[in-house]
Every structure is written in C-alpha cells, then in structure tokens.
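Working notes, structure below.
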Amino acid sequence: MVQIKVIGSYGGRARQDLPKLVKLAESGIFNLKAAVSRTLTFEEADKAYKDLDKGNIIGRAVVEIM
C-alpha cells in the first residue's frame with residue numbers, strides 16, 4: 001500500500017477541498033501521482049521558485065519538506 005500525504009496547497013481551501021480530493025483518490029477517479037509532474041527536496045525550494053518564475057515548471061511541482 002502506498003501512502004500519500006498532501007501537506008498543503010497554495011490557493012486551495014484545504015478544509016473543503018482536501019476531503020473531496022482524498023475521496024476521489026481512494027475511489028481511483030483522481031490519480032495523485034499523475035497530478036504531480038515534478039518533486040523537489042526542501043533544499044531545492046529556491047530552485048523551484050526560480051524555475052517557476054522562468055516558466056520551466058509545467059504542471060504541478062511539489063516541494064517535500066519531510
């Protein structure tokens with residue numbers, strides 16, 4: 001079993017949106033892994049912001065903090 005944690009979201013309404021997102025993922029309607037196009041470490045957060053500013057991030061990037 002794969003465990004996926006959604007830590008936070010910019011512009012989202014976590015209390016309203018997160019339970020719905022979890023239900024969609026559990027039912028197989030929404031694939032969380034496919035939704036993330038790039039994963040970076042916390043140490044790479046500065047690079048992520050620079051790449052975002054340059055338009056180099058297509059899709060959704062996640063910065064892992066744990």
Side-chain angles (χ1 to χ4, degrees):
M1 179 179 192
V2 176
Q3 182 178 1
I4 298 173
K5 293 182 181 181
V6 178
I7 305 292
S9 174
Y10 178 73
R13 302 166 302 176
R15 287 187 181 174
Q16 294 173 3
D17 298 338
L18 192 54
K20 294 174 187 173
L21 178 63
V22 170
K23 285 181 184 178
L24 290 172
E26 287 176 339
S27 69
I29 294 171
F30 181 70
N31 183 339
L32 288 173
K33 286 191 176 197
V36 176
S37 57
R38 188 168 166 191
T39 303
L40 300 107
T41 65
F42 180 73
E43 292 77 21
E44 296 173 306
D46 185 55
K47 179 178 177 6
Y49 278 108
K50 289 177 183 174
D51 285 348
L52 185 62
D53 187 50
K54 293 177 185 175
N56 293 337
I57 294 180
I58 306 299
R60 292 168 189 87
V62 172
V63 176
E64 295 179 336
I65 59 172
M66 297 182 153

Handout entry: L21 CG to Q16 CD distance, which is reported to the nearest 0.5 Å
Key = 13.5 Å

Per-pair distances, 0.1 Å, donor-acceptor, side chain in residues 51-66, under 3.5 Å, sequence neighbours excluded:
| unit_1 | atom_1 | unit_2 | atom_2 | d |
| --- | --- | --- | --- | --- |
| D51 | OD2 | R38 | NH1 | 3.3 |
| D51 | OD2 | R38 | NH2 | 2.7 |
| D51 | OD2 | K47 | NZ | 2.9 |

Exercise for the section: Would you indicate whether F30, at its atom CZ, is surrounded by more than 12 heavy atoms from other residues, nucleotides or ligands within a distance under 6.0 Å? Expected result: yes

Handout entry: Single-linkage hydrophobic cluster F42~L40, side-chain heavy atoms < 4.5 angstrom
Key = no

